[in-house]
Engineer: 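Please find one structure pasted underneath; my questions will follow.
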Amino acid sequence: MALAAPPERVVSINLCTDQLALALAAPGQLVSVTRMLQRDEGAMAEAARALPGNSARAEEIYLLAPDLVLAGSFTAPDTLRMLQRLGLTIEVFTPAETLSDIRANILRMGTLLGREAEAQAEVAAFDARLAAIPAPAGPAPLAALYAANGYSAGDATLPGQMVKAAGFALLAEEMGLPYGGVVPLETLATASPDLLIAARPGAPKSRAEEILAHPVVAALRDQVPTDTLHDSDWTCGTPSVLDTVERLAAIRETMK
Amino acid sequence: MTPTRLYTALGALTVALFLASLTTGPASLPIPEALSALVTQSDGPATMVMREIRLPRALLAALIGASLGLSGAAMQGYLRNPLAEPGLIGVSATAALGAVIAIQTGLAAAYAFALPAAALSGAAIATLALLALAGPRGTALTLILAGVAFSALAAALTSLVLNLSPSPYAAAEIVFWMMGSVADRSMTHVALAAPFILAGMALILPLGRGLDALTLGEDAAASMGTRLHRMRLALVLGVAASVGAGTAVAGAIGFVGLVVPHLLRPLTGHRPSTLLIASALGGAALLLAADTATRLVFPERDLKLGVVTALIGAPFFFHLVWRLRGRL
């Protein structure tokens, strides 16, 4: 949907629309992003800290007097209804679950912000990087995504798609869990994957992450190549997910 | 039934359920292969699965079940109140709060034993406060009301601590601490909890004679040489150590201490001393059975242990309340 004139005061209240908008917006066009992104690390968060932060609460959003609010489909529905009642224009983005969703979201953001040319350029760069990843040949090695609480993402999720794009077969998909699910340690041990992609190892600060230090996972780390996938690597569908795809594809190349 | 025959039967049941727990799991290992992988060394995944996943799981279920059964029987004997149970009266919930604080402050990561120690402190505070509020002279109603308040407060504070934490897994953690689970625990957890659980049980088991005497009333028990203050101290420390350490590694598991003594009391001739040992064995058997059931009923789903024990235990609780309603 194209607006007559580009919006001048855009407020993003979702971590992922924050990043899409930051990459495309004209100087001064984006007036606030979420505090969640500001607390993050990296270049995007650095840029986010230059702007006022918000916590996605209706009251503070309204007081920013935006002419466009960018939200995610998991933004609290009561907040969205309240903003609608207050007469604000809201655009809701569905989180990317595939690499082509990322392209679509970038193009849509470009249209909404009146920055079509910038969006086209970003998508072209994205396509070029994706095309440069060597096509997988031969049988795909098995990769196990393993996160807190033994959760393993499936092929209908962005991390699953990223692993598959790098030329791996996915453990959760083989187990018939398209959206992922809890994979017991026993199953992980007997599946003998060729690559273990674990969430942040570090000292477990929560009981949920203890499982990543379990002797079974530790033994698997000793036996097969291991990669680390931080939550921030896949939570949002931005071109930076290709960093991970390229890294995993390089591991795939060494397995030939 | 003589105590010896009862102990033998319950012991045999526990061993059988322990083996059943060891041979149940998502990795389809034939039973002979599974058991041989446990005792012989090999590089295959079978040894890994048996020694690092199923053995600690079965050991924790047995130890925690025994400590809960024993604590329930001892508290019921001391308070002469059939509703006394570590889960129901908030001891487990307070232990969970202690454990959550230890984990979220990073104390547990710095000193491994800070985890059981914090849970133990939580359990000790709750047990002491409950005995003070609803000691032997208090009514069943006082105990339950105090317990409900403790459980609710501890659960709320646990949720608060987890909500304030930066961990994105807070919601899942809250479920774990309130419902409990021994899935995917390791030998590290066994080593952390077992010393405290065994020490706690060793404090409670010798209380049998005193509890027998107490069935005649406090004055009679005192005249028979029972030192009530020492008994009370041993009970508080024993329950706090065993329930606290168990909760620290497996979350709050309810109803075991209620169901087991209730089922076994008629078989023990209503003698508290016999009931103590029988409840320890019966608790181990019940929790092993419940944990095996979590893997058989919904093998694809991560069913929580406390859900199964609550489904078994709640009807017993209602039955007891129904029987006691005239006196409450």
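To find a chain, count down the sequence lines: A is the first, B the second, and so on, and within it residues start at 1.
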Engineer: Using a cut-off of 6.0 Å, state whether more than 12 heavy atoms not belonging to A:M175 lie near its atom CE.
Structural biologist: yes
Engineer: Top residue by heavy-atom pair count (under 4.5 Å) with chain A, among B:A27, B:A99, B:S165, B:S28?
Structural biologist: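 Most heavy-atom pairs under 4.5 Å with chain A: B:A27.
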Engineer: If I take atom CG from residue B:L115 and atom CZ from residue A:R207, how far apart are they, to the nearest 0.5 angstrom?
Structural biologist: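 The CZ atom of A:R207 is 10.5 Å from CG of B:L115, to the nearest 0.5 Å.
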Engineer: With a 6.0 Å cut-off (strictly less than), is the heavy-atom count around CZ of B:F113, excluding the residue itself, greater than 12?
Structural biologist: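 Atom CZ in B:F113 is crowded, with more than 12 foreign heavy atoms closer than 6.0 Å.
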Engineer: Verify the neighbour count for atom CD1 of B:I31: are there more than 12 heavy atoms of other residues, nucleotides or ligands below 6.0 Å?
Structural biologist: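 Counting other residues, nucleotides and ligands, CD1 of B:I31 stays at 12 neighbours or fewer.
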Engineer: Which donor-acceptor pairs under 3.5 Å do the side chains of residues 180-187 of chain B make with protein atoms, sequence neighbours left out?
Structural biologist:
residue: B:S181; atom: OG; partner: B:A183; partner atom: N; Å: 3.1
residue: B:D184; atom: OD2; partner: A:L185; partner atom: N; Å: 3.4
residue: B:R185; atom: NH1; partner: B:V249; partner atom: O; Å: 2.8
residue: B:R185; atom: NH2; partner: A:E210; partner atom: OE1; Å: 3.3
residue: B:S186; atom: OG; partner: B:T188; partner atom: N; Å: 3.3
residue: B:S186; atom: OG; partner: B:T188; partner atom: OG1; Å: 3.2
residue: B:S186; atom: OG; partner: B:H189; partner atom: ND1; Å: 3.4

Engineer: Taking only residues two or more places apart in sequence, or in another chain, which ones meet B:L311 in a side-chain contact (heavy atoms from CB on, under 4.5 Å)?
Structural biologist: B:V307
Engineer: A side-chain contact here means heavy atoms from C-beta on lying under 4.5 Å apart; do B:I53 and A:H214 qualify?
Structural biologist: yes
Engineer: Can you name the nearest heavy-atom pair linking B:E173 to A:A208, along with the distance?
Structural biologist: OE2-N, 2.8 Å
Engineer: To the nearest 0.5 Å, what is the distance between CD (A:E186) and CD (B:E52)?
Structural biologist: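 One gets 12.5 Å once the value is rounded to the nearest 0.5 Å.
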Engineer: What parts of residues 189-196 of chain A touch chain B if we use heavy atoms and a cut-off under 4.5 Å?
Structural biologist: A:A189, A:T190
Engineer: Show every donor-acceptor pair shorter than 3.5 Å between a side-chain atom in residues 13-20 of chain A and any protein atom, with sequence neighbours excluded, or say none if there are none.
Structural biologist:
residue: A:N14; atom: OD1; partner: A:C16; partner atom: N; Å: 2.7
residue: A:N14; atom: OD1; partner: A:T17; partner atom: N; Å: 3.1
residue: A:T17; atom: OG1; partner: A:S12; partner atom: OG; Å: 2.8
residue: A:T17; atom: OG1; partner: A:N14; partner atom: O; Å: 3.0
residue: A:D18; atom: OD1; partner: A:S12; partner atom: OG; Å: 2.4
residue: A:D18; atom: OD1; partner: A:T34; partner atom: N; Å: 3.4
residue: A:D18; atom: OD2; partner: A:T34; partner atom: N; Å: 3.0
residue: A:D18; atom: OD2; partner: A:T34; partner atom: OG1; Å: 2.4
residue: A:Q19; atom: NE2; partner: A:L15; partner atom: O; Å: 3.4

